[in-house]
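Have a look at the structure below before the remarks.
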Amino acid sequence: MDSRDSAYTCTELENDELVSIHSYFCCTDCKVSLWLGKAVFTGIDRTKVVRYHVGSAASPPNHEDKQLTMAIWKMLADHQGHGIHTYFDYEFDVLPDRSDYREIGGDCENCIPFDAYLEGWGESLENE
């Protein structure tokens, strides 16, 4: 059986409605975050995240999103040795300094658009 057959997005009850649990990839030292999408869990206890997914079930998997994948790799390189964490939205939202974070790829006033974050990154390294 394909692992996708037994995987599902985890939901929780909020005001009698089921809501998805989303995740963020963060550098707590530099106060930047990257939205990973919905956490997809497997297992009876729904505690093991097997992947993250942006969009509907019909949307391609995150690893096929070139900008998101490049942003993750750039973030790993930029924040080597820093406090890198993955948080569920309910954990991220209650960080004491949450309002100081800038979101990579977001569309808010304080966000860093993907194009700006990725500018020049991933180009040929021949000159370095």
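- Between the side chain of Arg102 and the backbone N or O of Asn110, at least one donor-acceptor pair lies under 3.5 Å.
- Using a 4.5 Å cut-off on side-chain heavy atoms (C-beta onward), Val54 and Trp35 make contact.
- In this structure, the side chains of Trp73 and Leu118 stay at 4.5 Å or more apart for every pair of heavy atoms.
- Residues Val50 and Phe41 have side chains not in contact (no heavy-atom distance under 4.5 Å, counting atoms from C-beta outward).
- Atoms OH and CD, from Tyr117 and Gln67 in turn, are 12.5 Å apart once rounded to the nearest 0.5 Å.
- A centroid separation of less than 6.0 Å is found between the aromatic rings of Tyr101 and Phe92.
- To the nearest 0.5 angstrom, Glu103 atom CD is 7.5 Å from Leu34 atom CG.
- Listed by chain and number, the residues in a side chain to side chain donor-acceptor pair (under 3.5 Å) with Lys31 are Asp97 (sequence neighbours excluded).
- Here the OG atom belonging to Ser59 is positioned 4.5 Å from the NE2 atom belonging to His53, to the nearest 0.5 angstrom.
- The shortest heavy-atom contact between Ser20 and Asp89 is O-OD2, 4.0 Å.
- Residue Glu64 places its CD atom among more than 12 non-hydrogen atoms of other residues, nucleotides or ligands, all under 6.0 Å distant.
- Once rounded to the nearest 0.5 Å, the distance linking CG of Asp100 with OG1 of Thr28 reads 12.5 Å.
- To the nearest 0.5 Å, the span separating OG1 on Thr86 from CD on Glu91 amounts to 9.5 Å.
- Two residues are said to be in side-chain contact when any heavy atoms from C-beta on lie closer than 4.5 Å; Leu76 and Phe25 meet this criterion.
- Interatomic distance, His79 NE2 to Lys74 NZ, rounded to the nearest 0.5 Å: 7.0 Å.
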Practice prompt. Check the pair Cys30 / Cys27 against disulfide bond (SG atoms under 2.5 Å apart), numbers first and verdict last.
Written response: CA-CA 6 Å; Cys30 298; Cys27 176; 3.9 Å; no
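- Closest approach of Asp29 to Gly83, counting heavy atoms only: OD2-N, 2.9 Å.
- Nearest heavy atoms, Tyr52 versus Ala39: CD2-CA, 3.8 Å.
- Residues Tyr24 and Leu95 form no side-chain contact, since every pair of their non-hydrogen atoms from C-beta on lies 4.5 Å or further apart.
- The side-chain heavy atoms of Asn62 and Thr69, taken from C-beta on, include no pair separated by under 4.5 Å.
- Nearest heavy-atom pair, Tyr87 versus Cys26, reported as atom, atom and distance to 0.1 Å: CD1-SG, 3.8 Å.
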